[in-house]
Amino acid sequence: MQLQGEARFSRRAVKVDEAIRLVLEAAAPGRQEIVPLWEAGGRYLAEPLVATADWPPFARSGLDGFAVRSADTALASPSEPVTLRVVATARAGELASAAVEPGTAVRIMTGGAVPPGADAVVMLEQTADALVDGRPAVRVKRTAEPGQNIAPRGEEFRRGSALAEPGTKLRPGHVALLGTFGCADVPVFARPRVAVLATGTELLPVEAPLVPGRIRDSNSAMVAALVQQSGGVPLLLGRVPDEPEAAARAIAAALEQSDIIITTGGVSVGDYDVMASLLGGLSAATSALSAASTTASSTAPSANAVPTPAAALPPNSRLLFNKAAMRPGSPTSAAIVGGKLLLALSGNPGACFVGFELFARPALRRLQGVAAAEAMLKLATAKLAAGFAKGSPHERFVRARLHTEGGVLYADPLAFAKSSMMASIPDADCLIRLKPGSQGAEAGAIVEIILLQ
Ligand SMILES: Nc1nc2c(c(=O)[nH]1)N[C@H]1C(S)=C(S)[C@@H](COP(=O)(O)OP(=O)(O)OC[C@H]3O[C@@H](n4cnc5c(N)ncnc54)[C@H](O)[C@@H]3O)O[C@H]1N2
Ligand code: MOO
Ligand SMILES: [Mg+2]
């Protein structure tokens with residue numbers, strides 16, 4: 001069915017930062033759950049992590065050696081060692097059976113609790129075992145400073161101190177802290193359930209042989225992999241033909257089972273661009289678009305048809321934007337549909353990938369509790385390894401690969417950079433962000449980059 005109709009929807013390009021802001025505004029932190037500590041790595045913390053004890057919880061030895069009173073060693077030297085009677089042993093995990101009185105020492109192991117009376121530990125290598133009147137003793141060959149080789153109680157953390165805020169992505173070090181402070185069951189944000197829907201009558205399932213004029217749906221698999229990498233659970237809802245009714249039904253089904261919907265394809269101005277048509281129904285019914293848009297650019301109106309009542313999106317739907325001032329992926333759109341965020345990425349694989357990084361990844365961070373400001377793009381700078389010319393006045397996001405040379409970080413624009421191409425996606429570990437209006441950048445220029453995972 002051809003979607004071309006009498007309707008004409010204006011599409012004004014929203015600046016990328018503004019578009020991301022609109023998406024983040026629509027993505028609130030989601031459900032929480034408890035996971036076992038060993039599954040918490042990479043998840044996002046849902047409650048503050050607080051030290052439940054001083055750390056270390058007792059003064060402990062940093063070395064294998066002897067716990068002594070430093071004053072007893074004041075006159076020690078290699079030629080005239082001081083001899084101390086050894087009254088006990090403090091191995092890690094056990095308290096010494098005796099305190100250190102003047103003239104005595106306790107043999108102590110790394111991690112052992114420093115016994116009362118001792119204020120220093122002398123390393124084993126600076127001592128010699130001895131016997132005095134048939135009883136164990138030690139000769140100390142160096143003067144010990146007070147506090148030497150002892151980690152005092154609370155040196156690292158004070159009980160009650162804040163260690164990580166909700167929304168923190170748990171790195172292995174956080175997991176170590178959670179273990180240290182006795183958190184076996186960790187409150188985290190639930191993995192967002194992400195419905196992935198590919199639109200396009202030309203799309204074949206991955207397992208199908210190629211037939212003339214058709215291609216396999218690679219976007220679903222790519223988006224699913226990106227979702228997993230972002231902490232979400234992809235729900236692969238398959239392919240829908242370019243028919244508004246079918247797409248609306250698929251979206252309704254997606255709303256039942258997901259927290260966020262990502263569609264690919266059908267967002268441009270073509271006769272069969274089904275998502276543009278569906279979202280066009282929203283733009284006609286909302287003033288949000290004009291409020292959100294900039295005058296950075298506009299294009300000829302779209303020919304997408306007004307959706308029929310059967311293809312209407314549910315109530316509680318509104319458009320966030322239906323064009324972004326960027327390349328690739330300028331027709332990328334976003335909406336609230338049935339109260340949930342829907343990101344309509346371009347069907348072109350290169351634009352789909354970039355659209356995911358710019359909009360879906362920040363949204364998935366936000367859904368997992370990351371503060372809106374933190375969920376924005378992670379920017380850095382690098383030197384451009386080769387010049388890159390750009391024609392469009394829009395911001396350009398160039399798939400590129402990083403390398404270092406002489407301690408300098410370089411970003412190499414990858415070949416096959418067109419929006420329709422995917423050859424540059426596997427190797428891309430950053431996106432070079434070229435400013436709007438510029439004609440590109442020369443080799444050696446310092447450019448902004450977005451680091452990819
Ligand atoms: N007259 C105009 N034409 C186009 C414009 C424009 O402004 N005026 N914009 C271009 C730009 S920019 C982009 S980006 C694309 C956006 O295309 P759509 O999002 O509408 O995507 P489709 O038309 O459905 O498909 C485009 C292309 O991608 C292939 N595709 C689609 N889905 C998949 C999939 N799941 N896996 C692999 N490949 C897929 C599809 O077969 C097409 O080749 O529009 C330009 N056109
Ligand atoms: O905005 Mo499109 O992705 O350049 O072809
Ligand atoms: Mg299209």
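All residue numbers refer to positions in the sequence shown, counting from 1.
The nearest pair of heavy atoms linking Ala67 to Ile108 is N-CG2, 3.8 Å.
Put simply, CZ on Arg21 and CZ on Phe321 are 11.5 Å apart, with the number rounded to the nearest 0.5 Å. Note: Ile450 CD1 to Leu379 CG = 6.0 Å, rounded to the nearest 0.5 Å.
Looking at Val267 and Thr332, their side chains never come closer than 4.5 Å, going by heavy atoms from C-beta outward. Side-chain atoms of Ile34 and Pro187, non-hydrogen and from C-beta on, do get closer than 4.5 Å to each other. Considering only heavy atoms from C-beta on, Val35 comes within 4.5 Å of Val188 through its side chain.
Ion pair Arg193/Asp259 flagged as a salt bridge, since at least one NZ, NE, NH1 or NH2 atom sits closer than 4.0 Å to an Asp/Glu carboxylate oxygen.
Phe189 is linked by a ring pair (Phe, Tyr, Trp, His ring centres under 6.0 Å) to nothing, counting only residues two or more places apart in sequence or in another chain.
More than 12 heavy atoms of other shown residues, nucleotides or ligands fall within 6.0 angstrom of atom CD in Glu155. Other residues, nucleotides and ligands contribute over 12 non-hydrogen atoms within 6.0 Å of the CZ atom of Arg214. Open room surrounds CZ on Arg91; 12 or fewer heavy atoms of other groups in view lie less than 6.0 Å from it.
Residue Gln453 is tested with Lys378, Arg361, Glu357 for a side chain to side chain donor-acceptor pair (under 3.5 Å); the sole match is Arg361.
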Residues 408-422, side-chain donor-acceptor partners within the protein, below 3.5 Å, at least two apart:
{"residue": "Asp412", "atom": "OD2", "partner": "His403", "partner atom": "ND1", "Å": "2.8"}
{"residue": "Ser419", "atom": "OG", "partner": "Asn348", "partner atom": "ND2", "Å": "3.2"}

